[in-house]
Number of protein chains: 2
Amino acid sequence: MPRFKDDFLEKCDCYLLHEDTVEQVRKQMPDQELLIRLAELYKIFGDATRISILMCLSTAEMCVCDISTLLKMTQSAISHQLRVLKQANLVKNRRQGKAVFYCLADEHVKQIFEQGLVHIKEEY
Amino acid sequence: MPRFKDDFLEKCDCYLLHEDTVEQVRKQMPDQELLIRLAELYKIFGDATRISILMCLSTAEMCVCDISTLLKMTQSAISHQLRVLKQANLVKNRRQGKAVFYCLADEHVKQIFEQGLVHIKEEY
DNA sequence: TGCACACATGAACAACTGTTCATATGTTAG
DNA sequence: CTAACATATGAACAGTTGTTCATGTGTGCA
């Protein structure tokens, strides 16, 4: 029996079992760049510190000092994470005197992690 | 002037600027364990490979070989990530002969990343 | 103008993550 | 039973990430 595999193999180290399924699914797939952006978004939610910060800000506008007090973390750690959140357009800030106040960029952010909460609460 | 700071400082290296806000927000916060679980969930979504796999499975049930062909990745890499997804109860599988077919654990999973897609599409 | 506070940021370091490589397990056909 | 395929898994390795530490920037007050 000839090495049938060698004729078909391209990027996958196995036969193409269900060519029709693969083609059908391929047509439905969003383009890769969108998937990468989606992953980037969730990666930002995927950290307990950042989630906690977002949770705080969903209740009230807060300054860096307040957040670090509440979460019992250093100002530096919070500041670094706020920077990440800001770069991702998940929070915005305004300066008032010495303090800088942060809040959620839009109500949409709240919906995203509330969707996740629903999933978790149903699961356990 | 006495080092006022030393009297107040506990875990945060600054004064407690808005004690009332902090207390109000603290009452609204979900307990920490829940936040950690939420972060764990999003961490799993926060990878382009895993998001791509979930996207595939939202269209059709697929075997490992099909997925690795479609995503142009090695079978091993896909298998490792499917394991992560399964442990998180995001996918389930069934064996049929030599092949193992995977599908989403429930429709809920689909809703989670579709919520993210909405956010991304609105943003740009 | 100088000091103290609030915040930002760069470097460094440990911990974690995702892929590859090699190999093991499970299944079917002959 | 054996060979070949489909999948799973452990070790290793590079790349990434989050915190800490030290220090810089911006603001208000005396």
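Labels below follow one simple rule: chain letters A, B, ... track the order of the sequence lines, proteins then strands, and each chain is numbered from 1.
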Contact list (N/O, under 3.5 angstrom) for nucleotides 10-14 of chain D vs protein:
from   : atom 1 : to      : atom 2 : distance (Å)
D/dG10 : O6     : B/His80 : NE2    : 2.8

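Checking the phosphate oxygens (OP1, OP2) of C/dT19, a side-chain nitrogen or oxygen of B/Gln81 falls inside 4.0 Å. The shortest distance between the side-chain N/O atoms of B/Thr74 and the OP1/OP2 oxygens of C/dT20 is below 4.0 Å. Distances shorter than 4.0 Å separate none of the side-chain N or O atoms of B/Tyr102 from OP1 or OP2 on D/dA6.
Side chain of A/Ser58 to main chain of A/Met55: a donor-acceptor pair is present (N/O by atom type, distance under 3.5 Å, no hydrogens or angles). With A/Tyr42 contributing its side chain and B/Gly116 its backbone, the two residues share a donor-acceptor pair below 3.5 Å. For B/Arg26 (side chain) and B/Gln28 (main-chain N/O), no donor-acceptor pair under 3.5 Å exists by modelled atom type.
Taking the salt bridge (Lys or Arg N to Asp or Glu O under 4.0 Å) definition, one finds that A/Glu107 meets it with nothing, sequence neighbours left out.
With distances taken from any side-chain atom of B/Asp47 to the nucleotides C/dC7, C/dG18, C/dT27, the minimum falls on C/dG18. The listed nucleotides are D/dA8, D/dT17, D/dT20; the one nearest the side chain of B/Val64 is D/dA8.
Atom C1' of nucleotide C/dC5 and atom NE2 of B/His18 are separated by 13 Å, given to the nearest angstrom. In this structure, the CD atom of B/Gln75 is 11 Å from the P atom of C/dT20, given to the nearest Å. At whole-Å resolution of the value, NZ in A/Lys98 and P in D/dC29 are 7 Å apart.
Taking the charged nitrogens against the carboxylate oxygens, B/Lys27 and B/Glu23 have no contact shorter than 4.0 Å, which rules out a salt bridge.
Across residues 50-60 of chain A, not one residue has a non-hydrogen atom less than 4.0 Å from an atom of DNA chain C.
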